Each structure stands twice: as structure tokens, then as C-alpha cells.
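Atoms within a ligand are numbered from 1 in the order they appear, just like the ligands themselves. Predicted, not measured: the structure shown is a model, and the values here were computed from it. Because only heavy atoms are used, hydrogens play no part in the values below, and waters and symmetry mates are left out as well, while side chains stay in.
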Amino acid sequence: MTAAQETSIDDVTGSEWWRSAVVYQVYPRSFADSDGDGVGDLEGVRQHLDHLEALGVDVLWLSPVYRSPMDDNGYDISDYQQIDPLFGTFADLERLLEDVHRRGMKLVMDLVVNHTSDEHPWFRESRSSRDNPKRDWYWWRPARDGTVPGEPGAEPNNWGSFFSGPAWEYDESTGEYFLHLFSRKQPDLNWENPEVRQAVYSMMRWWLDRGVDGFRMDVINMISKDPSLPDGEVREGEEHGDMGRAVIDGPRVHEFLAEMHREVFAPLGRELLLVGETPGVTIEEARRYTDPARREVDMVFQFEHVQVDRGASKWDVLPFDMRVLRACLARWQDGLAEVGWNSLYWDNHDQPRVVSRFGDDGSCRVESAKLLATLLHLQRGTPYLYQGDELGMTNFPFTSIDQFDDIESVNYFHEAVAKGQAPEEVMARLRAMSRDNSRTPMQWDSSAHAGFTTGTPWLPVNPNHREINAEGQVGVPGSVFEHHRRLVALRHDEPAVVHGDFTLRLADHDQLFAFTRRHEATELLVVANFSGRSARLPAALYDRWADAELLVGERRDAEMLPWESRVHRRVRT
Ligand code: TEU
């Protein structure tokens with residue numbers, strides 16, 4: 001544990017330590033393979049904790065490692081209290097947890113309780129017969145009146161699944177449909193049923209009793225559905241209705257989260273990190289979820305900033321406009337300034353790589369990766385780094401649908417081609433937006449499989465790993481890695497980064513993304529030339545800051561180079 005880490009976590013005492021923490025997300029399948037089977041595992045994570053410690057991060061968020069048929073790579077859980085053999089054993093998890101704690105870091109697990117796998121014993125019982133005691137643990141409904149069960153259009157309502165097709169699956173043996181917002185192997189749990197909630201809470205206590213330090217809660221704002229399950233609006237060109245408001249931030253969601261906090265977390269009195277993944281959440285709702293006085297969660301993942309370059313669906317790719325992104329982020333900074341707290345992220349296992357998406361993954365890859373890092377780490381909120389962000393990893397040059405693994409991408413490809421769309425056009429959208437872009441193996445070195453495995457990687461390694469890898473960056477001045485390390489240290493050393501209020505500057509500038517953070521006598525200026533052309537700093541801003549201390553960046557010129565970013569500090573005496 002570094003001295004900086006020792007002070008920082010404790011300078012925000014007690015239950016809100018996470019305000020000065022930095023979280024690192026590991027997608028176990030793609031991080032490091034210790035047994036040569038081509039798939040990452042827990043021992044692989046443990047063997048690379050030095051990398052996280054060198055970066056200075058405080059928390060490791062582990063995407064699911066529980067027993068799963070892997071229909072959605074672990075987000076379909078068949079046993080919450082068992083480790084899937086693909087990732088190792090429970091002893092491996094315990095060793096990892098012990099090692100993480102010994103290094104002064106914390107471990108947050110992924111909690112996937114909006115749905116289970118259809119191979120989970122709860123669902124096996126539920127589908128066994130209409131009068132099984134667990135029937136109401138899931139959402140079962142008869143076919144729509146006047147239809148032939150099992151026939152297209154007979155689904156109880158017109159909702160479409162996030163992974164293409166209808167959100168209902170017909171079960172021949174019991175003659176009813178079950179709801180699945182995601183894949184048909186991910187049936188939704190019925191949180192209206194208190195037995196379901198109690199079963200989930202006891203499972204959470206089981207993990208907390210074993211020392212984990214919190215949860216990232218998967219699609220937690222979808223657990224409360226409008227019990228009337230109304231049809232959704234069918235947008236033009238769409239086959240199915242949009243479940244939207246009937247499942248997102250539903251009528252009892254805050255009641256359920258307050259109950260969970262009261263029954264699971266409050267009795268422990270421990271310093272946990274509770275982050276909710278909340279697609280479609282609004283600022284108003286985010287304030288309700290994260291207001292400490294309401295005792296629900298500490299922060300949420302909002303999605304507006306990762307939807308600025310798409311239309312109604314993620315595959316409806318639109319040109320990226322920095323000004324739209326800047327305005328969106330400033331809105332969330334202002335919206336949660338008084339109440340609540342932001343989680344800050346560019347990437348995760350569901351998003352394409354940000355340097356390819358919002359930056360320049362060509363000649364200015366390093367500069368643009370650093371700029372994106374500066375803007376992420378210096379906002380008000382808790383930063384989340386996704387494995388590979390710290391190296392400036394890019395999207396993968398997919399050439400064939402056979403290279404894809406992600407159920408969302410593969411289903412979309414076949415659905416779109418079946419609708420007559422040109423395969424090459426669909427491939428272009430997948431190259432831009434597919435989740436597999438961020439799931440390619442971690443690039444540890446320039447060897448054959450980037451040091452990820454001695455076997456055959458489950459997903460191809462990005463050919464640019466020869467240039468982009470940890471071995472070539474850790475300890476190397478000017479690297480993207482060292483830039484992230486500097487920014488993490490700044491959050492630990494400079495209270496203004498944690499507590500400072502946020503004020504957007506140059507709100508109408510076409511190229512510059514600038515804001516100040518002010519805390520007590522300290523003011524920070526963050527200014528970034530978010531474009532591939534040089535940009536001149538307006539005199540008013542330049543004259544005021546040019547001679548201030550330069551915390552991040554090498555240059556003080558009024559002219560900013562393409563993708564250049566700087567952080568200045570001024571302390572009023
Ligand atoms: O993601 C929910 C979610 O919002 C994403 O599915 C998103 O809609 C989509 O991927 C954007 O392309 C969570 C998990 O992060 C994701 O990996 C799972 O597939 C999903 O829930 C179901 O558990």
C-alpha cells in the first residue's frame with residue numbers, strides 16, 4: 001500500500017471512502033490465463049495484481065466468475081455460490097481476495113439478480129409445473145388472448161429482448177411464456193415476490209461474510225416491472241415494442257433497494273462500495289438512487305454519455321460530436337453536484353474502446369488516450385478504469401462474423417441480415433459498436449498471444465498488441481500507463497480532485513473541453529484540445545492560468561497541439 005493510498009482512502013472517512021477511490025474493472029475471460037486453456041481465470045488475475053498496484057487503484061471490480069452455462073459470458077448465473085471451473089475454484093477466489101486485501105485494495109463482486117440462468121435450480125423448479133412453489137419466482141404469463149400459444153404474436157406483450165427477438169419464451173411443457181429482457185437463457189426474477197428478495201439477500205450476505213467489499217449491481221434499475229406488463233411503443237422499422245418505462249426505474253425499485261440496504265448492508269456497518277448499473281436512468285432518478293440520506297446505493301452507471309454517437313438503437317451509429325459529449329457530461333456533473341455521486345467511465349465490457357470511438361486510434365492514439373484519461377480522472381465522481389484503458393487499447397479490426405462471440409452482436413447480425421441488410425454494412429456497425437471490441441485479450445507483451453495465454457485465446461488478440469502492451473508502458477515515461485498512474489496519484493494527493501465543485505468553461509468552443517474544480521483555496525483548470533487540429537487558448541483563460549503550476553502536461557503555449565491536455569493548479573494565499 002503506497003503512502004498516498006494510505007492517506008487518501010482514509011481522508012474521506014468512514015462510509016464514503018469511495019469518493020477518493022479509483023476502481024479497476026477486470027473481465028476475467030480476457031484478463032490473464034494461468035492454465036493455458038485460452039480463457040482468463042482467477043489465478044491469472046491474482047498473478048497480475050502488481051499491475052493494479054503499480055497503477056495505484058483502490059478497488060478491483062470482478063465481472064461474474066460464478067457457475068454459468070456462459071450464454072452471456074457469466075451474466076447468466078446457474079449457481080451464485082460456486083465459482084465456474086473455467087475461472088478456477090473457490091480457493092482461487094479466496095486467495096485472490098486475501099492478496100487484494102494484503103495490498104490494501106478492495107474487491108467488489110458483480111451481482112446479477114435481475115435474472116438468473118435458465119439452468120439455475122430456482123428456474124428449473126419454477127418451470128417444472130404451474131403449481132410449483134417457485135412458479136411465481138419468475139414472470140410467467142399465458143399467451144395473448146385469441147392467439148395460438150407458441151405462434152409468433154402470441155407473446156403476452158410485444159416487448160423485444162435487448163438481445164434481439166421477443167422478450168418472451170414459450171414453455172411447451174407448462175403451456176405458458178416466461179419473460180427474459182436479455183437472452184432466452186436469462187429469465188427475469190420476479191422481485192414482487194418477497195421470497196425471491198430474501199433468497200437474494202441471503203446470497204449477498206454469504207459473499208459479504210466471506211469478506212468481499214461490495215457489489216456492482218447488474219441492470220439493478222430493471223428489477224421492478226410495471227406489473228400490468230403493458231405493450232410498448234413500436235418504433236418505425238422495429239418488429240417489437242420498447243419495454244422502456246415499464247421496466248426501467250420501475251414503481252417499486254427504490255423500495256426494493258432501500259429494503260436491500262436495510263436488511264443486508266446496514267446491519268454490517270462495513271465500508272462497502274455499492275454501484276448500480278442503471279441503463280436509461282435520468283439525473284432525477286440518479287439523485288434518488290445515490291442520495292446518501294436515502295440509503296440505496298453509493299453511485300450509479302448512467303449511459304447518456306455512451307449513447308451520444310448512436311440513434312434509437314446502438315447499431316444506429318451516428319457521427320461523434322465532442323460538443324454533445326461535453327454538454328452531456330457537464331449536465332451530469334451539475335445534476336449530482338449537491339446530492340448524489342457520479343461514477344465516471346468511458347469503457348467496460350459492454351462498450352467499444354473509447355480511444356477508437358471518441359479519440360484517434362491512428363497516429364494520435366497516445367495523445368488522445370491521454371486526453372480521455374485526463375478528462376475522466378479529473379471530473380467529480382469515482383473513476384472506473386476498464387482493463388486495457390490504461391494502455392490505450394483499441395477496437396479490433398473484425399473482418400468476419402465468425403470472429404464474434406458476443407450473443408448481442410451475433411444475434412443482431414443474423415436478425416439484420418435476415419431483414420435484408422447487406423452483411424458488410426452490418427459488419428461495419430459491429431466493428432464500431434460490438435461489445436467484443438473490449439473483450440479481446442489483455443495485451444501484456446508483444447509475444448504471440450500478448451502474454452495472455454500459452455494456449456489458443458478464446459477471442460483473437462488484437463494484432464496491434466506488438467505496439468500496445470503493458471511491458472512497453474509500465475515505468476516508461478510518457479506512456480499512457482504512466483499518465484493514468486499520475487492521474488490516480490493526483491486523486492489521492494489533491495483533495496480538490498475529490499471534493500472540488502465542477503464548472504464548465506468555454507462551453508461553446510468547437511475544439512476545447514475545459515473545466516475548473518474549486519475546493520477551499522485550491523482551484524484546478526483542466527483544458528483539453530479534443531480535436532485533431534491545433535487550437536488556441538482564448539486570451540482571458542490563457543492570461544489567467546499560463547503561469548499557474550502545471551500538474552499534468554508538458555507545454556504552456558497558448559497554442560494547444562491536437563489532442564493535448566493539461567491540468568493547472570492555483571492555490572489562493
Ligand atoms: O448490461 C446491461 C446493458 O445495459 C447492456 O446490455 C447494454 O444494453 C448493452 O450491452 C449495450 O450494448 C448488463 C451487463 O453489463 C451485460 O454484460 C449483460 O449482458 C446484461 O446486463 C445482462 O446481464
Donor + acceptor pair across side chains of Thr174, Arg135 (<3.5 Å): yes
Yes or no on side chain to side chain donor-acceptor pair (under 3.5 Å) for Asp110 and Tyr75, after CA distance, side-chain angles and deciding distance? CA-CA 9 Å; Asp110 218 305; Tyr75 281 90; 2.8 Å; yes
For ligand 1, would you mind listing the residues that have at least one heavy atom less than 4.0 Å away, ordered by chain and number? Asp72, Tyr75, His115, Phe163, Phe182, Gln186, Arg216, Asp218, Val219, Glu277, Pro279, Phe303, Lys314, His349, Asp350, Glu408, Arg435, Arg439
Name all pairs fulfilling the salt bridge (Lys or Arg N to Asp or Glu O under 4.0 Å) condition that reach into residues 65-88, sequence neighbours left out, sorted by first residue then second. Asp72-Arg435
Pairs meeting criterion side-chain hydrogen bond (donor to acceptor under 3.5 Å, both in side chains) with involvement of residues 206-215, two or more places apart: His101-Asp213
side-chain contact (heavy atoms from CB on, under 4.5 Å) filter on Pro397, not counting sequence neighbours, yields Asn462, Pro463
Whether the Tyr24 and Glu390 side chains hold a donor-acceptor pair (N or O, under 3.5 Å, no angle test) is what I'd like checked. yes
